[in-house]
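For reference, the structure discussed in these notes is given below.
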Number of protein chains: 2
Amino acid sequence: MSMKVENQLADRTRWRPEFCSIAKTLDLLSTKTTFLVLRECFYGTSRFEDFVNRIPASAPALSRALKQLESAQIVTRVPYRDPGARARDEYRLTPAGEDLLPVVMSLSLWGNKYIYNGSPPFSFVDARTGQPVRVCVTTDNDVPEAQSSDIEIRANFTLD
Amino acid sequence: MSMKVENQLADRTRWRPEFCSIAKTLDLLSTKTTFLVLRECFYGTSRFEDFVNRIPASAPALSRALKQLESAQIVTRVPYRDPGARARDEYRLTPAGEDLLPVVMSLSLWGNKYIYNGSPPFSFVDARTGQPVRVCVTTDNDVPEAQSSDIEIRANFTLD
DNA sequence: CCGTATCCACAACGATACTG
DNA sequence: CAGTATCGTTGTGGATACGG
């Protein structure tokens with residue numbers, strides 16, 4: 001159960017670090033905090049204060065993670081101004097950032113299955129049909145692809 | 001462009017660390033080296049020496065990563081014996097480990113697109129049809145899902 | 001050769017304090 | 001409130017050495 005290799009050339013070179021797309025992508029996302037910032041972006045968080053409140057990491061760590069994502073062009077700062085307040089920036093996913101949705105979703109769905117053993121606190125469903133969201137590896141060209149805005153977060157528990 | 005939230009309950013709780021499937025999964029995969037070990041497993045690597053030769057990390061780091069993956073039940077040791085040599089163990093993905101394919105593939109495909117700008121050193125294609133492999137987030141139930149053994153690694157370059 | 005323990009170096013984090 | 005600089009602490013990696 002592993003991938004096939006086309007030829008000797010690929011066999012000899014596929015592990016070279018300079019050719020490894022996974023290693024290079026992980027360099028951009030480097031730390032766990034960075035992944036969690038990304039998660040929050042998909043959850044709709046955009047302001048620094050909210051990142052601080054919603055991620056178990058310190059403000060300096062989050063500042064570093066946001067800088068990192070910004071320099072990787074995964075996140076971009078956009079100005080906003082609350083009524084009566086001075087202009088500030090918020091952090092939004094770029095199109096490249098949006099394209100990381102499969103990474104975030106597949107990590108989450110794997111944990112739902114193997115850590116929460118199929119009874120996760122939250123599920124992701126199609127906002128209109130209620131169908132569960134899946135991440136699949138496929139060679140089919142015609143798969144209807146969901147965007148983050150098509151996805152709804154559903155709680156599977158109640159609090160007292 | 002972000003996910004919707006079903007209700008106030010979900011809105012108040014989705015960032016709590018104890019409910020975060022992504023954080024918990026990342027705890028298991030903790031480090032970049034661990035991700036690269038996982039990559040090698042999908043590439044068919046199973047012996048310690050090969051991990052050492054194919055991943056730019058030291059033997060102790062790889063030993064730690066393999067232990068980590070083993071305790072997370074993503075990888076399992078299976079005995080083997082080369083003719084004339086003494087019995088040893090090799091490392092193989094469990095079914096849970098195989099289910100991390102979308103994580104590995106989505107990281108790789110993202111890098112192929114945004115780091116190599118669409119001209120990556122390696123592509124992943126269907127071993128029979130040659131169709132490019134994709135990772136998609138979908139709510140469709142009928143998507144034909146590819147396994148790692150259906151995927152071929154193709155080199156997009158030549159050496160002198 | 002397979003793999004791990006030890007030890008040192010460095011990188012990332014948190015607490016704190018500070019500026020706009 | 002929105003960040004960032006500093007600094008002590010911790011965790012992760014590499015070099016080395018060692019045992020099965």
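Keep in mind that the numbers below use all heavy atoms, side chains included, and drop hydrogens, waters and symmetry copies.
Contact between the side-chain N/O atoms of A:Tyr91 and the OP1/OP2 oxygens of D:dA2 is not found at any separation under 4.0 Å.
Atom CD of B:Gln8 is surrounded by 12 or fewer heavy atoms from other residues, nucleotides or ligands within 6.0 Å. Counting heavy-atom neighbours within 6.0 Å of A:Glu145 CD, excluding the residue itself, gives a total above 12.
A heavy-atom distance below 4.0 Å to DNA chain C is reached by these residues of residues 66-80 of chain B, ordered by number: B:Lys67, B:Arg77.
Using a 4.5 Å heavy-atom threshold, the side chains of B:Thr13 and B:Glu18 count as separate.
Atom CZ of B:Phe48 is separated from atom C1' of D:dG20 by 14 Å (rounded to the nearest Å). Atom pair B:Arg47:CZ and C:dC2:C1' shows a separation of 12 Å (rounding to whole Å applied). What separates CG of B:Leu29 from C1' of D:dT12 is a distance of 16 Å, to the nearest Å. Rounding to whole angstrom units, CZ of residue B:Phe35 and C1' of D:dT12 are separated by 15 Å. The CG-C1' distance, from B:Asn53 to C:dC2, rounds to 13 Å in whole Å. Taking atom CG of A:Asp89 as the reference point, atom P of C:dG20 lies 17 Å away to the nearest angstrom. With rounding to whole Å, A:Arg81 atom CZ is found 15 Å from D:dC1 atom C1'. The nearest whole Å value for the distance from the CG atom in B:Leu26 to the P atom in D:dT12 is 13 Å.
A salt bridge links B:Arg77 to B:Glu70: one of the charged nitrogens lies within less than 4.0 Å of a carboxylate oxygen. Checked for salt-bridge contact, B:Asp126 and B:Arg134 miss the test: no charged N lies under 4.0 Å from a carboxylate O.
Side chains of A:Tyr114 and B:Asp99: a donor on one and an acceptor on the other come within 3.5 Å. Remark: the B:Asp50 side chain and the B:Thr45 side chain contain no N/O donor-acceptor pair separated by less than 3.5 Å.
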Check the pair A:Arg92 / A:Thr76 against side chain to side chain donor-acceptor pair (under 3.5 Å), numbers first and verdict last.
CA-CA 5 Å; A:Arg92 300 210 159 271; A:Thr76 185; over 6 Å; no
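Using the six-membered ring where Trp is involved, A:Phe157 and A:Phe122 have ring planes that are perpendicular, over 60° apart on the 30 and 60° scheme.
When distances run from any side-chain atom of B:Glu49 to the nucleotides D:dC1, C:dC2, D:dT4, the shortest one goes to C:dC2. Listed nucleotides: C:dC2, C:dT4, D:dC1. Nearest to the side chain of B:Ala59: C:dT4.
Rounding to the nearest 0.5 Å gives a distance of 14.0 Å between CG of B:Asp150 and CZ of B:Phe124.
B:Ile115 and A:Ile22 end up in the same hydrophobic cluster when Ile, Leu, Val, Met, Phe, Trp and Tyr side chains are linked at under 4.5 Å.
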Walk along nucleotides 6-13 of chain C from 5' to 3' and tag each nucleotide B, S or - by protein heavy-atom contact under 4.0 Å, base first, then sugar-phosphate.
-------B
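For the helix from C:dG3-D:dC18 to C:dG20-D:dC1, the end axes, each set by the C1' atoms of five terminal pairs, are bent relative to each other by 30° (nearest 10°).
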